[in-house]
Amino acid sequence: MSRDHVQSAERFAHDAAASAGDAGVSPRDAGDAVAPAPAAVETPFLELLARGASADAYEQPVLLARAESGPAERIAALEQAKNLALRVRSELEGRRRREAELSALFETAHDLAGLRDLDAVLRAIVQRARSLLGTDVAYLSLNDPARGDTYMRVTEGSVAARFQQLRLGMGEGLGGLVAQTARPYVTDDYFKDARFQHTRTIDAGVNDEGLVAILGVPLMLGHHVIGVLFAADRRARVFEREQIALLGSFAALAAAAIDTANLLAETRSALAGLERANEIIRDRSGVIERASDVHDRLAELVLRGGGVHDVAAAVSQVLAGTVEFTEASSAPARALEASRAEGHAVRHDDDWIAAVAAGDELLGALVLRGHPGLDPVDQLTLERAAMVTSLLLLARRSAVEAEQRVRGELLDDLLDARDRDPRLLGDRARMLRADLDATHVVLAARLDATAPDADQEAEARRRLWAAASHLAATRHGLAAARDGGTVLLLPLTAGDAAADLARRTARHLGTAVHEAVTVGASAPVEDLIAHPGTVAAAYTEARRCLDALRLLGRSGDGAAAEDFGFLGLLLAGDRNVAGFVERTVGQVVSYDERRGTELVRTLDAYFACGMSPARTKDTLHVHVNTVAQRLDRVGRLLGDDWQSPDRALEIQLALRLHRLSLPAQH
């Protein structure tokens with residue numbers, strides 16, 4: 001153990017002794033717990049810490065003292081020192097483990113930055129994942145869209161040939177469950193787990209390998225699962241939450257490596273296409289200068305960050321015509337589809353249409369207006385401009401998605417990791433132009449409609465997350481997908497209220513996704529850098545308000561805790577609020593609706609006036625006999641015991657719930 005570790009151990013032992021009261025020491029013994037043990041008592045345990053001894057070795061000084069029939073005070077002091085030393089040892093082991101994990105992730109990211117051989121990077125990821133998780137086997141499978149199945153790409157620690165060559169149908173086995181839900185899954189005993197589809201082929205391969213406990217995490221590109229990273233043991237095992245998160249980090253790096261390799265392949269393909277275009281240009285010596293001009297203009301545009309309309313303007317000058325970028329919905333459908341299918345610009349009346357596409361996805365079109373005569377080189381120029389336009393659009397989309405992911409990761413850290421370095425949180429927020437020193441509101445948003453299947457549900461949630469992320473970016477806030485919905489952290493402007501922000505957010509998101517979105521808001525929170533834990537507490541409050549709105553039937557609305565008063569603390573879970581109101585005061589409400597009377601209003605005033613008819617008549621500005629007649633009618637509708645303490649409390653609560661369930665007055 002290094003000198004720094006020994007000094008850290010000594011400081012930790014001193015701090016642990018000073019806080020022994022927090023660990024459950026009684027007030028009578030607090031003085032003994034806080035008082036430092038004599039140096040002679042601490043010395044053997046510090047030596048054990050210094051040489052990195054096993055946990056069993058820490059019992060030896062205590063056993064030796066007992067064998068020598070030492071004083072009870074010394075034995076007690078040794079026990080205390082032993083416990084503190086074991087805590088220090090556990091803390092140091094945890095730190096070393098985290099350092100090893102971070103080092104492995106850093107090395108993997110370094111490998112990815114200098115990607116040359118995709119297989120080598122994936123093998124390194126699988127090897128490091130197996131080593132750090134301490135599993136018998138680790139392996140990575142990838143989806144094969146052409147064959148509609150998934151196959152083993154890399155294995156580490158595997159001994160069974162059939163397992164290494166396994167190909168699985170989509171949706172089969174534990175990997176199929178991970179790919180289907182895009183979430184990590186773990187099984188302590190594979191063959192006894194009925195959550196996923198067992199097949200003879202998969203079970204035979206797993207049995208050959210002798211696997212029992214398996215953890216699988218998805219490899220994601222955007223919102224698509226492209227494969228699964230696994231860690232498995234040949235014995236029963238419970239995977240800890242930190243281990244699942246670590247394997248997820250390796251899976252993210254593996255997906256990034258695959259994405260980078262694919263982009264490199266696409267880039268090589270694009271370069272190959274440009275080389276073929278250059279061959280044609282060389283054969284046409286009369287147009288070399290013009291083609292060079294096109295290349296220079298487009299390269300300059302890309303390098304200085306130009307947009308698609310800049311590309312269209314540059315090509316317009318080269319082709320001596322009018323080139324426009326249009327959305328796919330605005331271009332001639334038949335010509336656009338023909339251009340996409342053929343990969344060439346096609347003529348449409350007096351115009352030329354070049355599809356701007358990425359794979360099978362149509363992103364738009366470049367349209368050359370009023371130029372029916374177009375030689376092959378000019379046609380190729382238009383096609384290459386369309387390719388550059390597609391690359392620019394994809395780059396812009398990737399940048400937006402990357403920023404959304406980064407904003408979501410920062411918010412996740414604020415919600416989950418309360419021990420994060422405040423300085424690092426502040427630096428990350430400033431890079432995203434989010435001012436965490438300002439007053440913020442945490443909002444929980446969820447779609448109200450239920451999709452008919454899992455895919456449509458996931459797509460609806462993705463659209464909600466995308467809309468929330470865009471709103472957060474424009475408001476200099478943060479957004480993340482969470483608990484089946486979306487959580488936002490938005491700054492609160494001076495003079496604004498959390499409830500108003502919740503209602504505006506509900507309307508904005510509902511308009512964006514074309515569905516009703518319900519939003520609950522927390523009270524304003526401050527000092528998020530100094531106290532990041534307040535974000536998690538505020539999110540709990542926002543979800544409570546969201547649940548209250550849904551229980552009250554106010555779906556598609558927004559509200560904050562201030563809208564509910566103390567009821568905001570009571571409404572949680574799946575309670576039948578409407579049924580409670582109907583059972584308690586339903587007859588009175590129905591009587592008012594049928595007769596046009598004011599029994600509900602009279603009841604509200606009666607309870608507000610301390611059940612005093614005299615004060616009630618002053619509040620309602622009616623005669624006391626009128627109050628008595630109305631209360632008599634209430635008694636006939638609700639029963640003679642309606643003013644008993646228990647019934648009165650239920651009736652008051654039902655009246656309050658009934659009033660809150662009415663549409664909000666904006």
Side-chain angles (χ1 to χ4, degrees), residues 94 97-98 100-102 104-105 108 122 125-143 150-160 163-164 166 168-199 201-221 223-255 409 412 415-417 454 458 481-484:
R97 184 173 60 254
R98 288 192 290 274
E101 292 172 356
L102 291 174
L105 289 173
T108 304
L122 294 182
I125 289 173
V126 172
Q127 290 169 355
R128 290 166 185 159
R130 179 194 177 203
S131 174
L132 288 177
L133 269 67
T135 57
D136 298 324
V137 183
Y139 51 100
L140 184 149
S141 67
L142 292 181
N143 296 347
T150 184
Y151 64 95
M152 291 290 186
R153 177 64 182 268
V154 181
T155 63
E156 176 68 21
S158 172
V159 295
F163 181 79
Q164 297 169 12
L166 206 58
L168 319 174
M170 300 301 291
E172 298 175 353
L174 177 66
L177 184 61
V178 175
Q180 183 180 34
T181 62
R183 294 176 55 190
Y185 272 88
V186 61
T187 177
D188 299 337
D189 192 331
Y190 176 85
F191 290 99
K192 293 182 180 179
D193 201 327
R195 291 177 300 166
F196 45 83
Q197 179 183 354
H198 288 266
T199 69
T201 302
I202 303 174
D203 289 355
V206 174
N207 186 61
D208 285 355
E209 195 63 54
L211 301 181
V212 177
I214 303 175
L215 164 63
V217 296
L219 274 66
M220 305 289 296
L221 281 184
H223 299 282
H224 301 287
V225 179
I226 63 169
V228 180
L229 179 60
F230 300 88
D233 259 353
R234 296 187 176 95
R235 64 187 184 283
R237 170 178 178 170
V238 176
F239 287 94
E240 302 295 338
R241 181 177 179 182
E242 293 79 5
Q243 295 173 323
I244 298 174
L246 175 61
L247 193 63
S249 298
F250 278 115
L253 290 174
E409 290 168 359
D412 282 334
L415 288 167
D416 297 330
R482 202 173 186 87
D483 299 325

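The structure displayed is predicted, hence computed values, not measured ones.
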Asks: Kindly indicate, with the supporting measurements, whether the criterion side-chain contact (heavy atoms from CB on, under 4.5 Å) is fulfilled by Leu219 and Leu142.
Replies: CA-CA 9 Å; Leu219 274 66; Leu142 292 181; 4.1 Å; yes

Asks: Working to the nearest 0.5 angstrom, can you tell me the gap between Ile202 CD1 and Leu168 CG?
Replies: 4.5 Å

Asks: With Gln164, which residues qualify under side chain to side chain donor-acceptor pair (under 3.5 Å), at least two apart?
Replies: Ser158

Asks: Nearest 0.5 angstrom please: Arg130 CZ to Tyr139 OH, how far?
Replies: 13.0 Å

Asks: Looking only at heavy atoms, what is the nearest atom pair of Ala182 and Val225, with distance?
Replies: CB-CG2, 3.7 Å

Asks: Hey, are the side chains of Val228 and Pro218 touching, using non-hydrogen atoms and a 4.5 Å cut-off?
Replies: no

Asks: Can you sort out the partners of Asp189 under side chain to side chain donor-acceptor pair (under 3.5 Å), two or more places apart, ordered by chain and number?
Replies: none

Asks: Determine the minimum heavy-atom distance between Val212 and Ala236, stating which atoms define it.
Replies: CG1-N, 3.8 Å

Asks: Take atom CZ in Arg195; do more than 12 heavy atoms of anything else shown fall under 6.0 Å from it?
Replies: yes

Asks: What distance separates Leu133 CG from Leu215 CG, expressed to the nearest 0.5 Å?
Replies: 7.0 Å

Asks: Run the salt bridge (charged side-chain N to carboxylate O under 4.0 Å, His left out) test against Asp136 and tell me which residues pass, sequence neighbours left out.
Replies: Arg235

Asks: Could you list the residues that satisfy ring pair (Phe, Tyr, Trp, His ring centres under 6.0 Å) with Phe196, not counting sequence neighbours?
Replies: Tyr190, His198

Asks: Can you run down the salt bridge (Lys or Arg N to Asp or Glu O under 4.0 Å) pairs that involve residues 204-216, sequence neighbours left out, and say none if there aren't any?
Replies: Arg162-Asp208, Glu209-Arg234

Asks: Before giving the answer on side-chain contact (heavy atoms from CB on, under 4.5 Å), spell out for Val217 and Phe230 the whole-Å C-alpha distance, their side-chain angles and the decisive distance to 0.1 Å.
Replies: CA-CA 7 Å; Val217 296; Phe230 300 88; over 6 Å; no

Asks: Show the numbers, then the answer: is there a side-chain contact (heavy atoms from CB on, under 4.5 Å) between Glu156 and Arg128?
Replies: CA-CA 10 Å; Glu156 176 68 21; Arg128 290 166 185 159; over 6 Å; no

Asks: Once rounded to the nearest 0.5 Å, what's the spacing between atom OG of Ser249 and atom CG of Leu229?
Replies: 10.5 Å

Asks: List the atom of Ala254, the atom of Leu140, and the distance in Å for their closest heavy-atom pair.
Replies: CB-CD1, 3.9 Å

Asks: Distance check, rounded to the nearest 0.5 Å: Ile125 atom CD1 versus Leu253 atom CG?
Replies: 5.5 Å

Asks: Kindly state each residue pair satisfying side-chain hydrogen bond (donor to acceptor under 3.5 Å, both in side chains) with at least one member in residues 169-188, sequence neighbours excluded.
Replies: Thr187-Asp193

Asks: Could you give me the CA-CA distance, side-chain angles and deciding distance for Val137 and Ile214, then say whether side-chain contact (heavy atoms from CB on, under 4.5 Å) is met?
Replies: CA-CA 9 Å; Val137 183; Ile214 303 175; over 6 Å; no

Asks: Which value, rounded to the nearest 0.5 Å, describes the distance between Arg153 atom CZ and Leu122 atom CG?
Replies: 5.5 Å

Asks: Measure across Leu247 and Ala129 and return the closest heavy-atom pair with its distance rounded to 0.1 Å.
Replies: CD1-CB, 3.8 Å

